Amino acid sequence: MLSTGLECEKQYVGFATLPNQVHRKSVKKGFDFTLMVAGESGMGKSTLVNSLFLTDLYKDRKLLNAEERINQTVEIIKHTVDIEEKGVKLKLTIVDTPGFGDAVNNNECWKPITDYIDQQFEQYFRDESGLNRKNIQDNRVHCCLYFIPPFGHGLRPVDVEFMKALHEKVNIIPLIAKADCLTPNEIKKLKDRIREEIDKFGIKVYQFPECDSDEDEEFKQLDKELKWRTSRIVTS
């Protein structure tokens with residue numbers, strides 16, 4: 001006698017286990033994350049990156065003197081390191097932009113950076129459109145930390161033009177560099193001024209996503225505090 005699925009309540013298709021299968025596969029394979037850091041020399045970019053990921057990505061870096069920095073053109077340099085934490089593997093790529101903002105004439109100094117980002121999008125699109133999509137490497141820039149000098153009175157023209165050129169292409173997180181040299185009151189005033197200018201020029205910066213309604217209250221409170229502390233502009 002044939003039996004149908006309706007007669008056997010304990011039988012199931014198996015799609016309920018899909019999230020776990022996808023999770024296990026993702027953890028086993030690992031994740032790719034590409035972070036771009038941009039800003040003029042001496043803003044503490046390498047120090048912050050090394051502190052964030054507890055590694056030394058710049059051990060072979062050559063320090064340039066003032067004359068060399070002024071004459072240097074914008075370069076794109078990639079540093080890649082494999083990090084493993086509690087069994088989860090992360091392939092971290094840091095895209096550095098030495099020479100940005102250091103020249104006397106910084107007209108369109110962001111062009112090599114936007115060209116690089118566009119090239120990564122085009123390469124990923126070509127790989128996705130191909131026949132062999134199993135081993136695609138995602139080299140797209142996922143986030144850009146943009147370092148703003150702490151000594152001015154807000155955004156400089158080069159800051160505005162850079163963020164306007166990139167805000168439709170990548171998640172931008174403005175960061176006030178060397179904020180420990182300012183008093184809490186000075187930091188607040190500078191943050192307020194930068195927020196006003198970001199809104200004035202229509203610059204889109206990264207916003208923390210809203211919590212799902214079914215999240216527990218502890219997580220919602222943590223998310224709320226994190227948004228309040230960062231307030232769209234980070235300090236280092």
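Quantities reported herein were computed from a predicted structural model and do not represent experimental measurements. Side chains are part of it too, since the values below use all heavy atoms of this structure and drop only hydrogens, waters and symmetry mates.
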- Query: Is Glu218 atom CD crowded by more than 12 heavy atoms from other residues, nucleotides or ligands, each under 6.0 Å away?
  - Reply: no
- Query: So with a 6.0 Å cut-off around CZ of Phe125, is the heavy-atom count from everything else above 12?
  - Reply: no
- Rounded to the nearest 0.5 Å, what's the gap from NZ on Lys169 to NZ on Lys204? Could you check? 12.5 Å
- When rounded to the nearest 0.5 angstrom, what distance separates CD1 in Ile187 from CG in Leu182? 5.5 Å
Which heavy-atom pair separates [X] from [Y] by the least distance, and what is that distance?
X: Met43; Y: Pro149; value: SD-CA, 3.7 Å
X: Cys143; Y: Phe33; value: CB-CZ, 4.0 Å
X: Ile203; Y: Lys164; value: CG1-CG, 3.8 Å
X: Cys144; Y: Leu166; value: SG-CD2, 4.4 Å
X: Thr34; Y: Arg140; value: CB-O, 3.3 Å
X: Thr97; Y: Gly39; value: OG1-N, 4.3 Å

So [Y] and [X], do their side chains get closer than 4.5 Å, heavy atoms only?
X: Leu145; Y: Leu35; value: yes
X: Lys78; Y: Tyr116; value: yes
X: Lys45; Y: Glu40; value: no
X: Val205; Y: Gln207; value: yes
X: Arg126; Y: Glu122; value: yes
X: Leu48; Y: Phe147; value: yes
X: Pro150; Y: Cys181; value: yes
X: Asn139; Y: Tyr124; value: no

- Message: Between Lys189 and Asp192, is the salt bridge (Lys or Arg N to Asp or Glu O under 4.0 Å) condition met? List the steps.
- Response: CA-CA 5 Å; Lys189 287 182 178 179; Asp192 291 341; over 6 Å; no
- Check Ile194, Leu175, Leu190 against Ile148 for a side chain to side chain contact (heavy atoms under 4.5 Å, CB included) and give me the one that passes. Ile194
- Note on the structure: side chain to side chain contact (heavy atoms under 4.5 Å, CB included) with Met36: of Asn171, Ile117, Ile172, only one passes, and it is Ile117
- Item | Asp82 vs Lys89, side-chain contact (heavy atoms from CB on, under 4.5 Å): CA-CA, chis, key distance, verdict | CA-CA 7 Å; Asp82 293 321; Lys89 297 178 181 178; over 6 Å; no
- Candidate pair Met163 and Leu155, rule side-chain contact (heavy atoms from CB on, under 4.5 Å), full reasoning: CA-CA 10 Å; Met163 288 192 282; Leu155 298 177; 3.9 Å; yes
- Item | Glu161/Asp159 under side-chain contact (heavy atoms from CB on, under 4.5 Å): CA gap, chis, key distance, verdict | CA-CA 6 Å; Glu161 294 302 325; Asp159 300 328; over 6 Å; no
- Task: Say whether Ile77 and Leu52 are linked into one hydrophobic cluster, either directly or through other cluster members, by side-chain heavy-atom distances under 4.5 angstrom.
- Result: no
- Task: Using the six-membered ring wherever Trp is involved, compare the ring planes of Tyr146 and Phe100 and label them parallel, tilted or perpendicular (cut-offs 30° and 60°).
- Result: perpendicular
- Message: What I want to find out is whether Glu197 reaches Arg193 closely enough, with some N-O distance under 4.0 Å, to be called a salt bridge.
- Response: yes
- Would you say the side-chain atoms of Gln119 and Asp115 include a donor-acceptor pair closer than 3.5 Å? no
- List the steps, then state whether side-chain contact (heavy atoms from CB on, under 4.5 Å) holds for Ile94 with Val37. CA-CA 7 Å; Ile94 302 296; Val37 290; 4.2 Å; yes
